[in-house]
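One structure is given below, encoded as structure tokens.
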Number of protein chains: 2
Amino acid sequence: MTDPLSPRALRLRDSGFKLTHARLTVLAALEAGDGHITSAALLEEVGRRDPGIGRASVFRTLDLFTRLSIIRPTYMGGSVAPTYVLMPDGHHHHIICMNCNRVFEFEDCGLDALTHALEGRFNMQITGHLLELFGICADCKNAPFKDEDA
Amino acid sequence: MTDPLSPRALRLRDSGFKLTHARLTVLAALEAGDGHITSAALLEEVGRRDPGIGRASVFRTLDLFTRLSIIRPTYMGGSVAPTYVLMPDGHHHHIICMNCNRVFEFEDCGLDALTHALEGRFNMQITGHLLELFGICADCKNAPFKDEDA
DNA sequence: TTAGATGCAAATAGTTTGCATTTGT
DNA sequence: ACAAATGCAAACTATTTGCATCTAA
């Protein structure tokens, strides 16, 4: 229990929320993956770490983390249920193949100038962003509407 | 029945799908709004235009339009069900207030250069994008965690 | 003419709630 | 100590399915 608190855990605490076992377990499960996870997979992973944690707490935690911009629900092919993406420094970028639903990530987005301009224009404080590009990946350029999963 | 086909209807037809009454009604309902609509609101609007159209067809049409990048599901404040946003020229941009969930739209994103660079790097054909920025709006800068709807 | 699309109603996810109990600070 | 958070299981909402019928091309 004297684990070093991750930056996100600190963010949680600094926002005035309790660092409960359930929340820390959900956070650890999120951080252990590749940064993209569905609620179903997360429930499984959390259950693996501690079967005593209830479904409802996982969903409540997902809500809380979304409000804190730690994660962002996003739509990925086929399923209606969102996939939650971790927002490493408040931002995240990827390209989704509309045909096979594979996801390709990239880092550089060059949106700092735009962000700054919009802060002035709308008098908002902008804390992060999600940029999704859509298209057809190299493998799918020939075979439209196959819709296999990644 | 000799209505001028909207560009999106043409896109549908050109992709090899039938221009059915149900699909055209869903499209008209989508285009009549402000570009952001939940399935519940869409079902209502479609029902108003033609009560004979079934729920399942509306959902099937939403799937199809998503595959064609005519719309893009996105998750907005609180609700689990996605909100579908029209992608006017294949792209769409907005800012969401993390506190009150209001949405502010803007047009210019300056992502052409990035898009082009990524097409080369991943050997993909990029057809559109969705850019969401998150932050706290002018009205909410003082009052955190109120969470009223827009 | 006929593959593709539809409407229906029942089935299935997926998520939320109320509440008694526990826990972090 | 005590407000905040939890786990449970039941309730709910949103979406999908199977299938007989219909319709756009």
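Below, chains carry the letters A, B, ... as their sequence lines are ordered, and counting in each starts from 1.
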The side chain of A:Ala81 is closest to which nucleotide in this list: D:dA14, C:dT15, C:dC19? C:dT15
Give a yes or no on whether A:Val80 and A:Phe134 share a hydrophobic cluster (residues Ile, Leu, Val, Met, Phe, Trp, Tyr; joining criterion: side-chain heavy atoms under 4.5 Å apart). no
Strand contacts (DNA chain D) in residues 49-58 of chain A, 4.0 angstrom heavy-atom criterion: A:Gly52, A:Ile53, A:Gly54, A:Ala56, A:Ser57
Any idea which of D:dG18, C:dT17, D:dT15 is nearest the A:Arg60 side chain? C:dT17
Is there a side-chain contact between A:Leu133 and A:Ile96, using heavy atoms and a 4.5 Å cut-off? no
Under 4.0 Å protein heavy-atom contact, by nucleotide of nucleotides 20-25 of chain C - B base, S sugar-phosphate only: ---BBS
Is it the case that the side chain of B:Lys141 and the backbone of A:Asn123 share a donor-acceptor pair, with hydrogens and angles ignored and the cut-off at 3.5 Å? yes
Test item: B:Glu119 side-chain N/O and B:Ile126 main-chain N/O as donor-acceptor pair under 3.5 Å: yes
Judged by atom type as modelled, is there a donor-acceptor pair below 3.5 Å linking the side chain of A:Ser57 to the main-chain atoms of A:Ile53? no
Output the rounded distance in Å from CZ (B:Phe59) to C1' (C:dA13). 13 Å
Between A:Arg8 and A:Asp14, is the closest basic N to carboxylate O distance under 4.0 Å? no
For the hydrophobic clusters of this structure (ILVMFWY residues joined by side-chain heavy atoms under 4.5 Å, transitively), does one cluster hold both B:Ile136 and A:Leu118? no
Same cluster for B:Tyr75 and A:Leu43 if Ile/Leu/Val/Met/Phe/Trp/Tyr side chains link at under 4.5 Å? no
If you draw a 6.0 Å radius around CG in A:Asp112, do more than 12 non-hydrogen atoms from other residues or ligands fall strictly inside? no
Take B:His93 and A:His129, measure what ring-ring contact (aromatic ring centres under 6.0 Å, His included) needs, and give me the verdict at the end. CA-CA 11 Å; B:His93 323 109; A:His129 65 250; over 10 Å; no
Close residues, residues 22-46 of chain A, relative to DNA chain C [heavy-atom separation under 4.0 Å]: A:Ser39
Nearest-Å distance, OH (A:Tyr75) to P (D:dT15)? 11 Å
